[in-house]
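Just below is one structure, and these are the notes that go with it.
Naming convention: chains lettered A, B, ... in sequence-line order (proteins, then strands); numbering from 1 in each chain. Only heavy atoms go into these numbers, but all of them, side chains included; no hydrogens, no water, no symmetry mates.
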2 protein chains.
Amino acid sequence: MGKRATILDVAKKAGVSKSTVSLVLQNSSLVKQQTRDQVTAAMETLGYVYNRSAAGLRGAASGLIGLIINDLRNPFFTEFAASAQMCFARQGYSTVIANTDEKPDIQAQVIDSMIEHGVSAFVISPTYGGEDRPFDRIERAGIPTMQVLRQVDERTDLFPFASHDYTAGGRLAGEHLIAQGCRKIAFVGGIEDRPITLERMSGYHEAMTAGGLAPQAFYGRPSRAFGRDIALHLAKEHRDIEAAICFSDLVALGMLSGFAEAGIRAGRDFRIVGFDDIEESSIAYPRLSSVRCDSALFGQNAAEAMLAWITAGKRPPDQKRYDVDLVTRQSSLWEERDV
Amino acid sequence: MGKRATILDVAKKAGVSKSTVSLVLQNSSLVKQQTRDQVTAAMETLGYVYNRSAAGLRGAASGLIGLIINDLRNPFFTEFAASAQMCFARQGYSTVIANTDEKPDIQAQVIDSMIEHGVSAFVISPTYGGEDRPFDRIERAGIPTMQVLRQVDERTDLFPFASHDYTAGGRLAGEHLIAQGCRKIAFVGGIEDRPITLERMSGYHEAMTAGGLAPQAFYGRPSRAFGRDIALHLAKEHRDIEAAICFSDLVALGMLSGFAEAGIRAGRDFRIVGFDDIEESSIAYPRLSSVRCDSALFGQNAAEAMLAWITAGKRPPDQKRYDVDLVTRQSSLWEERDV
DNA sequence: CTGAAAGCGCTTACAG
DNA sequence: CTGAAAGCGCTTACAG
């Protein structure tokens, strides 16, 4: 295989100095086109590949973005991560991704490791819990960092936060179900007292209060399995409840499955609205109504915000909430023509 | 924020030479415990972080693994990627992940970029198609590389291939449905003529031939949407077909949804077996029978094989097929007690 | 067990 | 527009 070619080899081949080669690499306008072409040709024939370690040592940006996700298996986060990664890739940035699986110690380890690798920026959907403040290491390293989807560090002036306007989403869902004539509407899923749960519920509370109705919550893991279980539970013990706003589509899809099992017709006997609008929701049966938080778009927005920060120095605002909207489908407004 | 501490600072603080600090970093046994402790303490108080760029320049392994996935949004691959990444992380390796979205040009770009970053190894679930052989750049760079789940380069002596024993899985599924008394059994989903489709079908063909039955295939994208559409199609045009083996669980889950919509009771009126056994299958309604290809375990196995290669020089075998088994659930063997 | 020295492949002022 | 020189923070023989 031989040794990898260096800029010195390229310089010799092209008949210029190595500084010139370096300048070509930076796309500097100091080099005239003809020289540039010679150098490029030499790189081509030598099979030269840029050595980023060497560049990094001398102070150049690594072109590596650290993307840390609390639960990469959840399609909501997968979609976000994949979209952000592809947006970074289009701009020539590579993305180091790590799944922390909601474990603070893994998150701490992964952050340290990425700092060692010299990531130019962090985008983190963090894990809750853990002893010390997880971002302190990052702060010391002075690496631009955005927290997304979950805010765990209050210093948003240091670590700007971006998420969806969940409160508005919960309100839209609540108002919609009330407009459908539902009175007993439950909120299903989400870990009690977590910020996201509180946000998603707060809009629901507002809508219920405005309608003079009493809210009611069934907390639990935001998983299909929980949704299924709660549907079976409601079918047995709470036949009075007419509708549910779910913490996430995963929960809602699980409820769809559970109601099917219990012989209850979702959309008719029981109305359901999910949260997130993942791809599956639009083809489930019945089609699932959901508060759309466009993950793909959000991933792209977050990536672009970060790129603007590290390339143009434009720090994102401390807090940014992206709009959501309600997509109504069969599960909350069955009509005969849908059959 | 000040400048980041270097080994020189640590050495001064600990009252040793910088070589000693470096040795401590390598966990060398040449340094006695007391010295090691002093150095470690100095690193602690200085907030020293290891600079991998510098180390990489001097020839040390980067500790970076390149993981390239053709479709990161598909839970089958997400599960694999997340599991492999976490396995690498446990051994102190960071993982650069890229989703190629089945696009050969993105794959080529991503490979180049990762080579620049000096990844120590590649694990690739490649994209089909594209002009030139995508692995040639890797070969020149001499980076250990495994192709997983899809074989696109015939040189498995250079790029060992690991996957599941799909043929056996198809056979198990076929034999099972025949044993259930089905005669007209279709194969649904998968792009025609792709190696994986051929593998998954071949076992089905074997089983059908052995049973004196005629195979029949409906090709298509391995998505929920396709499964839903084909179920609606079968319900209208092919009421004679009694059962289906699906290319993937995604297709099978889509069929479940489509049959529910068409008023056909999956598991009773029509039997279905999926492929992959993703998490959702065990809680879908009806519970989906599936050929289990344990993605999480496979991801771990692949990661461990790669780690053995780069740390102990043990190259994986040219071809490795991991066993699969059939998990039978309601969708293929409904019985009254299941109700 | 520890220290002094060279060098990995780049980038960055500084001259010319 | 291009060249010579220094140096980024490590690792690696080589002495001691």
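- Of all the residues in residues 15-24 of chain B, B:Val16, B:Ser17, B:Lys18, B:Ser19, B:Thr20 reach under 4.0 Å from DNA chain C with at least one non-hydrogen atom.
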Check step by step if side-chain contact (heavy atoms from CB on, under 4.5 Å) holds for A:Val31 and A:Thr20.
CA-CA 7 Å; A:Val31 186; A:Thr20 307; 4.3 Å; yes
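- No option in B:Asp318, B:Ile138, B:Ile124 other than B:Ile138 meets the side chain to side chain contact (heavy atoms under 4.5 Å, CB included) test with B:Phe159.
- Atom P of nucleotide D:dC10 and atom CG of B:Asp9 are separated by 9 Å, given to the nearest angstrom.
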Ignoring hydrogens and angles, write down the donor-acceptor pairs under 3.5 Å from the side chains of residues 5-16 of chain B, residues two or more places apart or on other chains.
residue	atom	partner	partner atom	Å
B:Thr6	OG1	B:Leu8	N	3.0
B:Asp9	OD2	B:Thr6	N	2.8

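- Evaluated for a side chain to side chain contact (heavy atoms under 4.5 Å, CB included) with B:Asn74, the options B:Asp71, B:Thr78, B:Asn70 yield exactly one hit, B:Asp71.
- No side-chain N or O of B:Gln109 forms a donor-acceptor pair with one of B:Asp105 less than 3.5 Å apart.
- Non-hydrogen atoms lying under 4.0 Å from DNA chain C are contributed by nothing in residues 113-121 of chain B.
- Rounded to an integer number of Å, the gap from NZ of B:Lys12 to C1' of C:dG3 is 16 Å.
- Listed by residue number, the members of residues 42-62 of chain A with any heavy atom below 4.0 angstrom from DNA chain D are A:Leu57, A:Arg58.
- Sorted by residue number, the members of residues 25-38 of chain B with any non-hydrogen atom under 4.0 Å from DNA chain C read B:Leu30, B:Val31, B:Lys32, B:Thr35.
- Remark: the backbone N or O of A:Glu116 is not paired with any side-chain donor or acceptor of B:Arg52 at under 3.5 angstrom.
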Dot-bracket encoding of pairs in DNA chain C, which uses [ ] for pseudoknotted crossings and | for another strand, Watson-Crick or G-U under 3.5 angstrom:
|||.||||||||.|||
